[in-house]
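Owing to the predicted nature of the structure, the values given are computational and were not obtained by experimental measurement. Along the sequence shown, residues are numbered consecutively beginning with 1.
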Amino acid sequence: MSVELVRVLEALPGMAFTALSDGSIDFMNANLVDFLGLGEAVTVWPLAASPADLRNTRQQWYALLSGREPFEITLPIGHPTASLKELHVRCKPSIDNDRVERWYGLATEGADIASRPEMRDGAAEKASENQTVLESIPAGIGVLDANGNVEAINGHLLQYYGRSLDELRSWGRSDVVHPDDMQGLTNAVQQAVVRGTAYEAEVRLRRADGEYRWFQIVGYPLADESGGIARWYALHIDVDDRRKAEDALRSNEMELRNIVNAMPLTVWTSRPDGYCDFVNDRWLEYAGLNAQQTEGSGWESVVHPEDASHLAKSWNASLASGRPADFEARMRGADGGYRWFLFRATPLLGEDGKIIKWYGTHIDIEDRKRAERALAERERESRLIVDGIAGMIAIFSPDAQLIDGNQQILDYFERPLSELNDWSSNGITHPDDLQTCIDSFMGSIATGEPYDYETRFLRHDGTWRWFQLRGLPLRDAEGKIIRWYGLLTDIDDRKRAEEKLRRSEAFLADAQRLSKTGSFLLNLGTSEVTWSAETYRIFEVDPTTPVTLDVILSRLDSDSLATVEQVIDQANRGDGDFDYDITLTTPSQSPKYIRVLAHSERNRDGDQDLIGAVQDVTESRKAEDALNQARSELSYVTRVTSLGVLTASIAHEVNQPLAGMVTNAETCLRVLASNPPNLDIAKDTARRTIRDANRAADVIARLWELFSRKPPHLEAVDINEIAEEVIALISSELQHAKTSLTADFADDLPRVTGGRVQLQQVIMNLLRNSIEAMPTAGDGPRRIRLRTEAGLGEIRLYIEDTGVGFDLQGVDRIYDAFYTTKPDGMGIGLSVSRSIIENHHGRLWAEPNADHGATVGFSVPTSPSGDGESIGRSAVRTASDMQRNL
């Protein structure tokens with residue numbers, strides 16, 4: 001709620017509040033808070049009454065909130081003075097997007113409920129129960145006293161009027177009742193009061209929005225113990241829709257009579273027993289009779305004597321059975337001549353299923369009858385023509401019965417027509433086509449539309465052959481179908497050729513889709529373009545869009561446009577082959593790289609054609625670019641990483657011999673400065689200085705070899721010895737990370753052939769990954785175990801840690817270049833390590849531990865010349881022991 005709105009509500013001299021759409025109060029101004037004595041605003045009203053009253057008040061409150069109309073309600077409120085007071089509340093909704101967003105309300109203080117006489121004598125509870133009953137009735141209820149004055153009105157009616165109870169007490173002087181209906185309602189109520197009997201009236205009542213609706217008001221008296229009228233209960237029933245329907249019905253009946261009389265048909269109606277009670281003007285004009293002469297059975301006088309008995313029998317049968325009537329007879333006209341009519345009658349049933357009325361027409365079919373006679377003659381002639389057609393002809397009745405067929409259809413099936421009539425079940429139609437035949441043929445029978453479909457029929461020799469079935473209806477002069485003629489054309493040879501072509505095209509389309517290769521044909525003389533489906537997809541053009549040369553050129557960038565124009569120019573000058581690349585600018589604004597292979601040749605019309613194929617090489621181009629970029633980044637990162645590791649390793653490894661050299665030099669100076677100088681000790685310290693200097697040089701040489709990019713020197717190496725050297729190099733990092741490392745080396749391991757420095761690089765990278773996984777593993781133990789073992793023709797090395805491990809779903813990606821799970825990792829270590837191991841014809845793997853951490857290992861094949869060689873080292877040696885031996 002805005003600050004400005006709060007200021008306005010606080011400035012009001014009355015008690016104001018706002019509530020959300022669910023009725024919860026989200027604001028009360030200071031006047032209302034002070035009145036309630038709450039100290040601060042609340043989300044619900046502090047109601048105070050009996051349980052029945054509380055339940056009724058809450059039901060009425062939420063019922064009014066469920067609508068979208070302004071309303072008024074009286075709430076029993078517990079006042080700080082400990083008395084029960086009434087709070088009159090008026091609410092109006094704020095509607096946004098066709099829903100209530102918030103309610104705004106004003107409250108006024110009512111009377112002290114406890115001071116009412118009826119409350120003092122115990123009537124309050126009974127009144128509350130009565131009010132609960134009134135509010136629970138889903139209709140408008142008004143309660144009048146013995147003299148007909150308004151005493152109470154339930155919430156349904158209050159919501160309809162949108163007025164307070166006090167305003168409705170003087171309904172006789174207000175506009176809640178339509179002025180034209182006021183006197184009638186007043187008289188009905190006054191007479192009921194005088195007589196003490198129920199009353200009923202239909203009046204128009206004004207709704208809250210100003211619209212009047214028809215209501216049926218039924219008032220019932222309630223007698224007291226002495227037999228007098230205690231009060232009246234008036235039920236208000238909304239009959240507006242019924243009144244409008246009745247008015248519309250009367251209007252429709254009059255309109256219907258006018259329409260019936262204006263119809264160019266003879267129309268009549270009769271009672272359920274067949275008594276004719278109406279014929280339209282058209283009927284009277286034809287027969288030359290008046291309405292009185294046709295009433296009852298008088299209309300039968302115009303029926304032809306030869307048809308009267310049959311007509312009467314058929315009509316009586318319909319009256320007895322209740323089934324619609326449909327029969328033919330001749331009727332005499334005013335000129336004395338007879339014409340054929342179709343008698344049709346349909347019963348109108350009531351809600352109980354009984355006939356209320358019969359509605360009938362007499363349709364002049366004289367012309368149809370004459371046409372039928374002429375048609376019979378034409379059919380005789382048509383039969384001669386049908387039998388002479390060199391094809392299979394089937395003739396069906398309007399209800400789909402096979403009534404005839406020419407000799408060719410009999411020769412194909414070698415069955416009588418009586419068996420062929422059961423074509424849906426006698427097995428002559430292929431089971432896979434049966435439902436299609438039924439749907440197509442019977443659909444046309446129902447709609448009268450021609451049919452055209454294909455199916456397989458079983459020949460008399462057991463061979464299935466494809467047929468095209470085409471059928472046309474034969475109609476009479478009135479458009480009624482009297483025959484169906486079907487032509488069965490053998491298309492088996494054509495279907496086989498089409499299937500062969502379809503499969504060929506499908507194979508081609510699948511091959512083009514899988515290879516992302518489309519085909520095209522450009523007629524350089526007419527500029528007509530033909531594309532395959534895959535070409536449409538590659539160029540991202542809607543297959544329903546006509547393809548022109550302009551459409552193609554609009555997809556090209558400037559360089560490709562020049563290339564294509566040059567190719568077209570060369571192709572126009574004669575035959576030739578072309579192989580070139582273009583770039584498409586697609587509607588998705590992403591470039592596509594296309595390779596085009598084309599050939600130019602002259603067609604039969606003398607025009608030059610350019611025929612070719614286009615292949616989408618975007619993904620391979622992007623993959624190649626990504627690979628080049630990855631190689632560049634890998635080279636850079638490797639150099640940077642190697643430089644950093646080399647620097648740290650040199651600083652750590654050279655520090656110890658340098659410290660020894662300094663110590664030896666200081667000792668030498670000290671013994672030389674003594675009197676007399678101790679030359680023997682000085683010589684020993686000088687020799688130790690030379691030894692430590694050589695040791696520092698050896699360290700630098702070994703580290704340079706480790707991080708050099710020179711091709712590795714392959715030799716038979718001891719994997720345990722390599723691992724020991726790496727552990728010595730990485731010992732400072734283990735100490736800094738407060739991580740213990742245990743080495744478990746297998747005895748008598750054969751040697752492997754490989755690059756010593758490269759294998760050291762792999763082991764160092766795996767150990768460093770385990771160390772870096774420790775800081776995020778929590779407060780648990782930080783341990784690493786390195787172990788080796790011999791396998792069948794290979795040596796395996798495992799590194800187990802207690803770090804954070806990794807997700808099983810990401811195990812396949814950890815070897816990808818630049819994929820990392822560490823916040824500051826570059827994602828190249830495992831990728832490079834995997835490449836080194838695979839170059840040694842080995843394999844690298846990783847898997848999570850059962851409890852926590854991960855195990856990473858690799859295997860490399862043993863050296864053929866190293867079989868039987870043993871290393872002879874201790875099976876278990878800790879990293880700290882190795883560091884002390886350096």
Side-chain angles (χ1 to χ4, degrees), residues 493-632:
D493 296 335
R494 190 199 77 191
K495 289 286 287 187
R496 295 180 188 276
E498 289 177 350
E499 177 62 18
K500 184 176 181 181
L501 178 61
R502 186 195 65 78
R503 293 184 64 185
S504 176
E505 291 177 346
F507 290 152
L508 177 61
D510 289 342
Q512 289 193 354
R513 184 173 63 255
L514 293 174
S515 63
K516 297 183 178 180
T517 303
S519 55
F520 68 89
L521 170 63
L522 170 61
N523 187 312
L524 298 175
T526 62
S527 296
E528 180 181 357
V529 182
T530 303
W531 273 1
S532 68
E534 185 64 14
T535 308
Y536 276 101
R537 189 199 65 77
I538 291 174
F539 276 76
E540 297 187 16
V541 175
D542 187 351
T544 61
T545 302
V547 182
T548 63
L549 187 57
D550 291 338
V551 172
I552 298 174
L553 298 179
S554 67
R555 287 287 197 272
L556 307 178
D557 63 5
S558 57
D559 294 338
S560 301
L561 181 61
T563 301
V564 171
E565 290 177 343
Q566 182 180 0
V567 169
I568 293 175
D569 183 61
Q570 293 178 7
N572 270 317
R573 293 198 295 266
D575 298 349
D577 295 325
F578 304 94
D579 185 351
Y580 55 95
D581 295 328
I582 59 175
T583 303
L584 302 183
T585 303
T586 61
S588 59
Q589 302 302 317
S590 58
K592 277 190 176 182
Y593 304 104
I594 308 298
R595 183 186 180 189
V596 184
L597 296 172
H599 174 71
S600 175
E601 63 182 18
R602 195 168 298 279
N603 60 27
R604 291 181 299 178
D605 297 330
D607 293 331
Q608 198 73 21
D609 284 343
L610 185 63
I611 307 169
V614 294
Q615 184 178 23
D616 186 352
V617 295
T618 303
E619 292 184 4
S620 61
R621 180 73 63 83
K622 289 182 178 179
E624 183 178 350
D625 293 343
L627 179 59
N628 292 334
Q629 179 68 18
R631 287 172 177 169
S632 176

Visitor: Let me check something: any side-chain donor-acceptor pairs from residues 522-530 under 3.5 Å, sequence neighbours excluded? List them with distances.
Guide:
unit_1	atom_1	unit_2	atom_2	d
Asn523	OD1	Gly525	N	2.9
Asn523	OD1	Thr526	N	3.0
Asn523	OD1	Thr526	OG1	3.4
Thr526	OG1	Glu528	N	3.4

Visitor: Going by the salt bridge (charged side-chain N to carboxylate O under 4.0 Å, His left out) test, which pairs reach into residues 577-587, not counting sequence neighbours?
Guide: Asp579-Arg595

Visitor: So how far is it from Ile552 CD1 to Leu561 CG, rounded to the nearest 0.5 Å?
Guide: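 Reported value, rounded in 0.5 Å steps: 11.5 Å.
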
Visitor: Kindly say whether Asp607 contributes a backbone atom to a donor-acceptor pair with the side chain of Asp605 at under 3.5 angstrom?
Guide: no

Visitor: Going by the salt bridge (charged side-chain N to carboxylate O under 4.0 Å, His left out) test, which pairs reach into residues 540-562, not counting sequence neighbours?
Guide: Glu540-Lys592

Visitor: Who pairs with Asn572 by side chain to side chain donor-acceptor pair (under 3.5 Å), at least two apart in sequence or on another chain?
Guide: none

Visitor: Check side chain to side chain donor-acceptor pair (under 3.5 Å) between Thr517 and all other residues, then give those that pass, not counting sequence neighbours.
Guide: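 With neighbours one apart ignored, the set is Ser515.
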
Visitor: Taking the side chain as every heavy atom from C-beta outward, state whether Leu584 and Leu556 have any atom pair closer than 4.5 Å.
Guide: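 Yes - at least one pair of side-chain heavy atoms lies under 4.5 Å apart.
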
Visitor: Mind checking whether Leu521 and Leu610 have side chains closer than 4.5 Å, heavy atoms only?
Guide: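 No, every pair of side-chain atoms sits at 4.5 Å or beyond.
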
Visitor: Are Leu549 and Ile568 packed together at the side-chain level, in the sense that at least one heavy-atom pair is separated by less than 4.5 angstrom?
Guide: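 When only atoms from C-beta onward are counted, Ile568 and Leu549 do touch, with a gap below 4.5 Å.
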
Visitor: Provide the closest heavy-atom pair for Pro591 versus Thr583 in the form atom of the first, atom of the second, distance.
Guide: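 Here Pro591 and Thr583 meet closest at CB-CG2, 4.1 Å.
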
Visitor: Considering residues at least two apart in sequence or located in another chain, which fulfil the side chain to side chain contact (heavy atoms under 4.5 Å, CB included) criterion with Lys495?
Guide: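 If we apply the side chain to side chain contact (heavy atoms under 4.5 Å, CB included) test to Lys495, skipping adjacent residues, the hits are Glu454, Trp466, Ile491, Glu498.
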
Visitor: Once side chain to side chain contact (heavy atoms under 4.5 Å, CB included) is applied, do any residues pair with Gln570, and if so which ones, sequence neighbours excluded?
Guide: Gln566, Arg573, Phe578

Visitor: For Tyr580, which residues count as a ring-ring contact (aromatic ring centres under 6.0 Å, His included) partner, sequence neighbours excluded?
Guide: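 Residues passing ring-ring contact (aromatic ring centres under 6.0 Å, His included) with Tyr580: none at all.
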
Visitor: Mind checking side chain to side chain donor-acceptor pair (under 3.5 Å) for Glu619 and listing every partner two or more places apart, or none if nothing turns up?
Guide: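 For Glu619, the residues satisfying side chain to side chain donor-acceptor pair (under 3.5 Å) (neighbours in sequence not counted) are Lys516.
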
Visitor: Excluding sequence neighbours, so at least two apart, what forms side chain to side chain donor-acceptor pair (under 3.5 Å) with Gln608?
Guide: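 For Gln608 the side chain to side chain donor-acceptor pair (under 3.5 Å) partners, ignoring immediate neighbours, are Asp575, Ser600, Arg602.
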
Visitor: Is the number of heavy atoms from other residues, nucleotides or ligands within 6.0 Å of CZ (Arg496) greater than 12?
Guide: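 At most 12 heavy atoms, drawn from other residues, nucleotides or ligands, come within 6.0 Å of this atom.
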
Visitor: With rounding to the nearest 0.5 angstrom, report the CG to OG distance, Leu597 to Ser519.
Guide: 12.5 Å

Visitor: Which atoms form the tightest heavy-atom contact between Ser554 and Val551, and what is the distance?
Guide: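 Heavy-atom minimum between the residues: OG-O, 2.6 Å.
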
Visitor: Going by the ring pair (Phe, Tyr, Trp, His ring centres under 6.0 Å) test, which pairs reach into residues 516-553, not counting sequence neighbours?
Guide: Trp531-Tyr536, Trp531-Phe539

Visitor: Donor-acceptor pair, distance only, cut-off 3.5 Å: does the side chain of Ser532 make one with the backbone of Gly518?
Guide: no

